[in-house]
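Report on one structure; see the data block that follows.
In what follows, every heavy atom counts, from backbone to side chain, and hydrogens, waters and symmetry copies are set aside. None of these values were measured; they are calculated from a predicted model.
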Amino acid sequence: MIRRVGCALVAGLLLWVAFPSWDWWPMAPLGVGLLALATAGARPAQGFFIGLVAGWAYFGPLLSWSGIYVGAFPWFALATLQALYLGVIGLACALLQRQRLRSPGSPPAIRPLLVALVWVAGEWLRGHTPFGGFPWGRLAFSQADSPFARLAALGGAPAVTFGVALAGAALAACAVAAGVRLSAAVAATRAPQADASTPARPATWRAVGAGALALGALVAPLAIPIPTGVDPATPTGNIVAIQGDVPQAGLEFNAQRRAVLDNHARVTREAAAQIEQSGAPRPDLVLWPENASDIDPLVNADAAGVIRGAVAAIGAPTIVGAVLVVSEQNVSNTSLLYLPDGAIADTYSKLRPVPFAEYIPYRSFFRMFSDKVDLVTRDFLPGDRVGLFRVPRAGGGEVAVGINICFEVAIDDVVRDSVAQGANLIAVQTNNATFGFTDESVQQLAISRIRAIEHGRAVVHISNVGVSALIMPDGTPHQETSLFTPAILSGALPLRTEPTIATRVGSWLEWAACAVVTALLVARVLAGRRRPRTRGAGGGDDDPPAPTTPQNSVQQGAL
């Protein structure tokens, strides 16, 4: 068991370093493979604990930004909750990778397809429960620079996770089969009278097959065509995004709310002056980030005047991230579409406010554990419709921009619904000031890059403090900004209308994975109850005892 836990610890760390800012994406399949090895042949309770250890090693450092200004307890609570889901994945892998009963002495089987399905189902569960889930840190979001990223065009983020997990588990199966072959060869050398050829031949073929599967999972996505966005027949939109910066990082970043608003207005005027001096055409659309105006411009005439003045200066429709007052107890995180004449043409309120960050469920209960819940003084109310703004272009046509506010970019259906309703451009308005100089901003940018490939759309990822970028439909980022510096992003982005397969099929892969895994787990549990429960050599509590022969000894030593 100590070796299994050690493998789990290393597996979790490998999964962590696959993400930005480390960006060692090959570590993700290796981490999955090592966890598959650690859980193979384990009892269910062992599998859960192994997964939990891997989860702590994975989510602890990955989500360290969540406690940067609120202390260790919220960070530990969030990381532990996410680790519990990896414990469930470990439990499922243990149940579905039990010792083969028809050959009692053989090592526990690594089943790559089942492991991949378990990961997809596990991430679905983590992304939907509790309180709407927390899909941050999915395997897919570590793969923006890898060949696996292309799978997003076929089945979205779940398809990328499936490919990564399949490759990793196949590598594990290859390692086990190769170990059996090597052990058999060593045994034959030491004891020539033992016939080691019987286990060796099947092990050789299993190693070759698993290696081919791993290689195929890595190489096959390269054949998937994804749009680059450079097709001359595709219309483009001239887009400007404003990173205005804030007076200070941290939870009090907006203590000087007027200064934040003034920063974005000032940088917008600078962009207008640059356009005027260069003689370039007016942009089709200007985007400000989330929380650009935490002063409600619908009730504060001064804030409204600042915004209208900046919009008039640049002379283009402008989307402004604002906080609107709903009542004494509630506010809304809203995007406002301003026309050049200062009129508000459309609004979108965030559909999925983040629990414990934008609203506190069961506030009195959770206050018993931490008074940090009262840092959220007013709960954000959710919106009631998909974020899609249709902005006419001066040259004809329209910029149909799908709006996603901050963490919504990690939620599959929020992004997909706007594209399905006609968005030809995706906008991600975010506020990274509350996470300081941590990896949160680059982790979020990687998610936007996967979304670009998934839906074949250019993405404007604009933060109030960075990291911001303009992303092409193939996931390539341009004009990446630094943290806590004012910046102007400007470029012609393709306005594609063709849906990808992923946009068409939606969440079919997740539902299929959940159905298959649930059915197999139920069948495995029922089968285990019908068999006599005896301790066997394979380490499982329902495996029959294996006969003691040299051949069995060789095979058991493979894991």
Side-chain angles (χ1 to χ4, degrees), residues 29 32-33 35-36 39-40 42 44 47-48 51 55 81-82 84-98 100 109-141 143 148 151-170 172-173 213 216-217 220-221 224 352 410-417 420 450 454-455 499-530 542:
V32 171
L35 188 60
T39 55
F48 178 81
L81 176 62
Q82 303 312 305
L84 288 170
Y85 285 97
L86 207 59
V88 174
I89 288 176
L91 185 153
C93 286
L95 277 170
L96 298 179
Q97 294 188 124
R98 303 308 302 274
R100 295 178 178 176
I110 306 294
R111 296 183 168 90
L113 181 60
L114 294 184
V115 170
L117 291 173
V118 165
W119 270 93
V120 173
E123 287 193 343
W124 178 90
L125 187 66
R126 188 169 68 84
H128 289 78
T129 60
F131 308 116
F134 187 75
W136 201 275
R138 296 160 73 179
L139 291 181
F141 298 153
Q143 300 297 302
F148 295 112
L151 291 168
L154 296 183
V160 182
T161 289
F162 180 84
V164 172
L166 182 65
L213 181 61
I224 299 173
R352 308 283 182 86
I411 304 173
D412 292 350
D413 60 303
V414 171
V415 184
R416 182 173 58 244
D417 288 348
I450 291 294
E454 178 178 352
H455 298 292
T500 62
I501 295 176
T503 305
R504 291 191 182 102
V505 302
S507 57
W508 68 269
L509 179 56
E510 285 183 308
W511 287 111
C514 289
V516 171
V517 169
T518 300
L520 290 176
L521 288 175
V522 170
R524 184 68 180 85
V525 170
L526 293 177
R529 289 180 176 178
R530 286 196 297 267
D542 58 355

Exercise for review: With rounding to the nearest 0.5 Å, note down the distance linking CD in Glu454 to CZ in Arg416.
Suggested key: 7.0 Å
Point to revise | Reported CG-to-CG distance for the pair Leu35 and Leu86, which is rounded to 0.5 angstrom | key: 6.0 Å
Point to revise | Distance-minimising heavy-atom pair for Pro135 and Phe141 | key: O-CE1, 3.5 Å
Under 3.5 Å, side-chain donor or acceptor atoms of residues 154-170 against the rest of the protein: list the pairs with distances, not counting sequence neighbours.
from, atom 1, to, atom 2, distance (Å)
Thr161, OG1, Glu123, OE1, 2.7
Thr161, OG1, Ala140, N, 3.3

**Study point:** Straight-line distance of Ile89 CD1 to Leu84 CG, nearest 0.5 Å
**Key:** 11.5 Å
Practice item. Please round to the nearest 0.5 Å and tell me the distance separating atom CG of Asp412 and atom CZ of Arg138. Key: 4.0 Å
Review point. Hey, mind stepping through Val415 and Ile411 against side-chain contact (heavy atoms from CB on, under 4.5 Å) and telling me if it holds?
Key: CA-CA 7 Å; Val415 184; Ile411 304 173; over 6 Å; no
Under 3.5 Å, which donor-acceptor pairs do the side chains of residues 502-510 form with other protein atoms, sequence neighbours left out?
from, atom 1, to, atom 2, distance (Å)
Thr503, OG1, His455, ND1, 2.8
Thr503, OG1, Thr500, OG1, 3.0
Ser507, OG, Trp511, NE1, 3.0

Point to revise | CG on Leu95 to OG1 on Thr39, rounded to 0.5 Å | key: 10.0 Å
Practice item. Mind checking the CG-CG spacing from Leu521 to Leu91? Nearest 0.5 Å is all I need. Key: 8.0 Å
Practice item. Of all the heavy-atom pairs spanning Ala172 and Ala36, show the shortest one and how long it is. Key: CB-CB, 4.4 Å
**Study point:** Nearest heavy atoms of Arg126 and Trp136, plus distance in Å
**Key:** NH1-O, 2.7 Å
Check your understanding: Between Gln97 and Val118, is any pair of side-chain heavy atoms under 4.5 Å apart?
Key -> no
